[in-house]
J.: 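Got a structure here, written out as structure tokens. Questions coming.
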Amino acid sequence: MKRLQALRPEFFTRDPRHVARDLLGKILVRRQGHQTLTARIVETEAYLGKGDPAAHSASGRTPRNAVLFGPPGCAYVYFIYGNHYCLNVSCLPDGEAGGVLFRALEPVTGIARMTQNRGLQPHRSKTGLSPADLRRLANGPGKLTQALAITRAHNGLNLTDSTQVLYLADDGSPKPRAKTTPRIGISKATSLRLRYLIADNPFVSKP
DNA sequence: TTATAGATTGCCT
DNA sequence: GGCAATCTATAAT
């Protein structure tokens with residue numbers, strides 16, 4: 001496979017809204033054992049450090065959300081609803097809170113391993129997984145972490161370092177057409193349109 | 001020390 | 001569309 005260029009820290013030293021928009025179409029790379037799993041980012045949400053009551057950083061720094069206040073380009077992984085992990089990347093300079101939540105991915109390589117990680121039956125046929133099976137692999141924030149075997153062990157990881165087991169990369173594909181909607185699953189600041197998705201992409205969590 | 005809400009998912013009707 | 005499952009960080013006592 002062509003070697004992918006990791007996104008640089010400067011990419012994340014910006015307003016989370018811009019980062020969330022520009023991450024659409026980029027690649028999340030996961031090295032699991034000797035395998036490399038890759039997936040295209042098709043849906044994100046921005047969480048602002050200041051003036052965003054829905055953000056985990058809203059009421060100040062705690063042990064849990066410390067990564068959001070740290071240097072840009074690092075993984076913030078948290079456990080939610082007793083069952084799921086969610087993956088974010090920190091934004092803005094060190095000391096300033098902000099992040100982007102990954103909400104959906106389009107699987108590219110390592111699909112068999114992702115299916116296994118998700119605990120799904122590999123409904124194989126001559127054409128491989130059905131389109132529906134492929135979609136349910138990573139079309140949600142909890143699903144994508146499970147598909148890529150991301151846990152709290154990855155919290156704080158530098159996602160701009162291509163020698164890590166998890167990082168963000170640019171494969172040179174053109175900038176996709178983006179759409180915005182209100183964020184999903186929150187109860188505060190519900191009117192802000194901080195959810196970004198690739199228009200017409202079937203791998204998003206909800207249209 | 002205890003209570004509770006939560007950036008979800010999958011199964012049920 | 002409704003709701004239970006299942007953990008835990010954080011706030012309240």
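Since we're looking at a predicted model, the values are computed, not measured. Lettering of chains follows the sequences in order, A, B, ..., and the numbering in each one begins at 1.
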J.: Without decimals, in angstroms, what is the distance between A:Arg64 CZ and C:dC7 C1'?
T.: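 About 11 Å, once rounded to whole Å.
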J.: If pairing requires Watson-Crick or G-U wobble contacts with both distances under 3.5 Å, which nucleotide is the partner of C:dT6?
T.: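 Per the H-bond distance test, none.
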J.: Taking any heavy-atom pair under 4.0 Å as a contact, classify A:Arg152: base, sugar-phosphate, or nothing.
T.: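 Sugar-phosphate contact only - A:Arg152 comes under 4.0 Å of backbone atoms but never of a base.
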J.: To the nearest Å, give me how far apart OH (A:Tyr85) and P (B:dT9) are.
T.: 15 Å
J.: Check this for me: does any side-chain nitrogen of one of A:Asp171 and A:Lys26 sit under 4.0 Å from a carboxylate oxygen of the other?
T.: no
J.: So does A:Arg118 get a side-chain nitrogen or oxygen closer than 4.0 Å to the phosphate oxygens (OP1/OP2) of B:dG10?
T.: yes
J.: Taking 4.0 angstrom as the limit, do A:Arg14 and A:Asp22 come out as a salt bridge?
T.: yes
J.: Base of C:dT6, side chain of A:Asn83 - is there a donor-acceptor contact under 3.5 Å?
T.: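 Per atom types, the contact qualifies.
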J.: Is any side-chain N or O of A:Ser187 closer than 4.0 Å to OP1 or OP2 of B:dG6?
T.: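 Looking at the OP1 and OP2 atoms of B:dG6, one of them is under 4.0 Å from a side-chain N or O of A:Ser187.
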J.: Send over the distance from A:Gln146 CD to C:dA5 P, rounded to a whole Å.
T.: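 From A:Gln146 CD to C:dA5 P: 19 Å.
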J.: Without decimals, in angstroms, what is the distance between A:Asn65 CG and C:dA11 C1'?
T.: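 Interatomic distance, CG of A:Asn65 to C1' of C:dA11: 14 Å.
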J.: How close or far is atom C1' of B:dG6 from atom CD1 of A:Ile80, stated in whole angstroms?
T.: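 So the two atoms are 4 Å apart, to the nearest Å.
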J.: The side chain of A:Pro63 is closest to which nucleotide in this list: C:dT10, C:dC7, B:dA7?
T.: C:dT10
J.: Measure from the side-chain N and O atoms of A:Asn139 to the backbone N and O of A:Ala104, and report whether any donor-acceptor pair falls under 3.5 Å.
T.: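 Not a single qualifying donor-acceptor pair exists.
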J.: Report the distance from atom NZ of A:Lys206 to atom C1' of B:dG10, rounded to the nearest whole Å.
T.: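 Whole-Å distance recorded here is 13 Å.
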J.: Do we see A:Tyr81 stacking on the base of B:dG6, given a limit of 5.5 Å between centres and 30° between planes?
T.: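 No.
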J.: Rounded to the nearest Å, what distance is computed from the NE2 atom of residue A:His56 to the P atom of nucleotide C:dA11?
T.: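 From A:His56 NE2 to C:dA11 P: 12 Å.
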J.: Tell me: CZ of A:Phe79 to C1' of C:dA5, nearest whole Å?
T.: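 Nearest whole value for this atom pair: 11 Å.
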J.: Are A:Gln32 and A:Asn117 close enough that a side-chain donor and a side-chain acceptor fall under 3.5 Å?
T.: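 Side-chain D/A pair, A:Gln32 to A:Asn117: present.
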J.: Between A:Thr160 and A:Arg8, does any side-chain donor sit less than 3.5 Å from a side-chain acceptor?
T.: no
J.: At under 4.0 Å, does any side-chain N or O of A:Lys188 touch on OP1 or OP2 of B:dA7?
T.: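 Looking at the OP1 and OP2 atoms of B:dA7, neither is under 4.0 Å from any side-chain N or O of A:Lys188.
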J.: Quick one: the side chain of A:Tyr78 and the base of C:dA9, do they pair up donor-acceptor inside 3.5 Å?
T.: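 Answer is no: no donor-acceptor pair is held.
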J.: Pairing check on B:dA7: which nucleotide meets the Watson-Crick or G-U wobble criteria with it, both distances under 3.5 Å?
T.: none
